[in-house]
Each structure stands twice: as C-alpha cells, then as structure tokens.
Amino acid sequence: MNPAIHRGLIRLAPAAALLLAVTACSSSSQEATPATTPSAPAFPGQQETTASTPPATSPSASERSTPMDIRVTLDDRPVDATLNDSPPARDFADLLPLTLDLEDFHGTERIADLPRKLDTSGAPEPAAAKVGDIAYYAPWGNLALFYQDGPSASADLLVLGHLDVSAEQLGGAGRITIEAAS
C-alpha cells in the first residue's frame, strides 16, 4: 500500500470512530427529549401542533417521597415521625395502628415482627439506613428502627420513613406504638 494513503487512513480512523460514537449516542438521545415537542405543519397554512407523550421513565425517589405524618410513641414518650410515600410505606400505613415489642439486633437496630409481610412492588431505590430510619427487612418481614447507621444499601432493606429521636432513646426502646396521624 502506498505510504501516503496508509498515513491518510490512519489519520481518518479517529474521526471515523468519533462519528460512529456520535451517531450511536444520537439514536438513544431521543428518550431524553422533552415530553412536549412541536411538530411542523404538514400542509401550507396548517397550524403547528404540539405532540404530548408521557415520560418513559419511572418517578424518581424524590417524586415518591412526599412524607406522611404518623404518631409514634416509644415507651410512652411521643416522637415526631414521617413515612415516605413509597408503595411499601403506604402498605405499612394500612397496618396502623400497631403496638410492637422491640428487641435489639446486632447493636444497630431495634426490630419487631409485623402482622404480615408488606407488598414491596414499586419500592424506591435501595438506600443505606441512617440513625432514626424506619425500615422494612423484606426477607424476614420485620420492622427495623435504626439507632446506628446501617450497612450499605440493599434491595432487601426498604427505608419506609424516619423518627426524629436520639440514638440513645431509640436504642433503649422496648415498645413502639405507631398510629396514623389525624
């Protein structure tokens, strides 16, 4: 092969690769277009129309986390608390009112068995539990109240809400009553 042609092809290869990458990205970028896009008139004199399509993605965690107030009593002391607006948290709210005896688990959380397992469909993305979090451990079907930060995020542990309480008060709690706020 002629050396000049060979050098030209070598110089052209990066540009061709870049063109392919841009072309590949542009075909998938249609998913990121706004839900409302104007369309050109089909005939002269026709009004421009606006096509509206629903977004292709599911709601983000922030869109699903409008808090629901609940009344919580830990060992006869009222505590401010909220549940997030995820489907599992709403299913948990359907169980209220509840009074549960708590036991310690691994020096990190207080746990109690629920009367039934919760529906976990539509659960938010996994998040690591923090002090004060109300969580549901799906494999065992139990409620977990974290008085220490929990382990890394897991699909088995669903954060349902949060208690505004000190780690010491929560860590020593023996009984919890949870009611829907009126």
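Note that these values count all heavy atoms, side chains included, but never hydrogens, waters or copies made by symmetry.
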Is the side chain of K130 donor-acceptor paired with the backbone N or O of Q148 at a distance under 3.5 Å, no angle test? no

Answer yes or no: does atom CG of D94 have more than 12 heavy-atom neighbours from other residues, nucleotides or ligands under 6.0 Å? yes

Compute whether any side-chain donor of one residue and acceptor of the other, for D156 and Y136, lie under 3.5 angstrom apart. no

Minimum heavy-atom distance between D69 and A181, given as atom pair plus value: O-CB, 3.3 Å

Separation between CZ (R90) and CG (N84), nearest 0.5 Å, reads 9.0 Å

The criterion is side-chain contact (heavy atoms from CB on, under 4.5 Å); which residues satisfy it with T73, sequence neighbours excluded? T177

May I ask whether L96 and L145 are part of the same hydrophobic cluster, defined by side-chain heavy atoms of I, L, V, M, F, W, Y residues being less than 4.5 angstrom apart, directly or through others? yes

What pair of heavy atoms forms the shortest contact from A81 to V72, and how long is it? CB-CG2, 3.5 Å

Verify, without hydrogens or angle tests, whether D149 (side chain) and V131 (backbone) share a donor-acceptor contact under 3.5 angstrom. yes

Hey, quick one: are M68 and L143 part of the same hydrophobic cluster, counting side-chain heavy atoms closer than 4.5 Å, chains of contacts allowed? yes

Which atom names give the shortest non-hydrogen contact between N142 and A112, and what distance separates them? CB-O, 3.2 Å

Roughly how far apart are D75 CG and Q169 CD, rounded to 0.5 Å? 8.0 Å

Report whether F92 and V79 are members of the same hydrophobic cluster (ILVMFWY, side-chain heavy atoms less than 4.5 Å apart, transitive linking). yes

Contacts of Y137 meeting ring-ring contact (aromatic ring centres under 6.0 Å, His included) (sequence neighbours excluded), chain-then-number -> W140

Is V165 close to Y147 at the side-chain level, that is, under 4.5 Å between some pair of heavy atoms? no

Rounded to the nearest 0.5 Å, how far does CG of L98 lie from CG of L114? 6.5 Å

Side chain S121, main chain D119, donor-acceptor under 3.5 Å: no

Flag yes if I134 and F105 sit in one hydrophobic cluster, no otherwise; membership is Ile, Leu, Val, Met, Phe, Trp, Tyr, and two members link when side-chain heavy atoms are under 4.5 Å apart. no

May I ask you to decide if A123's main-chain N or O and T120's side chain share a donor-acceptor pair within less than 3.5 Å? no

Tell me, please, which residues at least two apart from D91 pass salt bridge (Lys or Arg N to Asp or Glu O under 4.0 Å). R116

Within the side chain of D133, is there an N or O that forms a donor-acceptor pair under 3.5 Å with the backbone of A135? no

Looking only at non-hydrogen atoms, find the nearest pair between G150 and T108 and report the distance. CA-CG2, 4.2 Å

Thinking salt bridges, do R175 and D101 make one under a 4.0 Å N-O criterion? yes

Determine yes or no for a side-chain-to-main-chain donor-acceptor pair under 3.5 angstrom, with D113 supplying the side chain and G141 the backbone. no

Ignoring hydrogens and geometry, is there a side-chain-to-backbone donor-acceptor pair from R110 to A144 under 3.5 Å? no

Heavy-atom closest contact (A129 atom, V159 atom, distance): CA-CG2, 4.5 Å

When I111, L170, L157 are each screened for side-chain contact (heavy atoms from CB on, under 4.5 Å) with F146, the one that passes is L157

Any side-chain heavy atom of L158 sitting closer than 4.5 Å to one from S86? no

Answer yes or no: is there a side-chain heavy-atom contact under 4.5 Å between S154 and P126? no

Within one Ile-Leu-Val-Met-Phe-Trp-Tyr cluster: L74 and I70, side-chain cutoff 4.5 Å: yes

Which atom of P88 lies closest to which atom of L118, heavy atoms considered: O-CD1, 3.9 Å

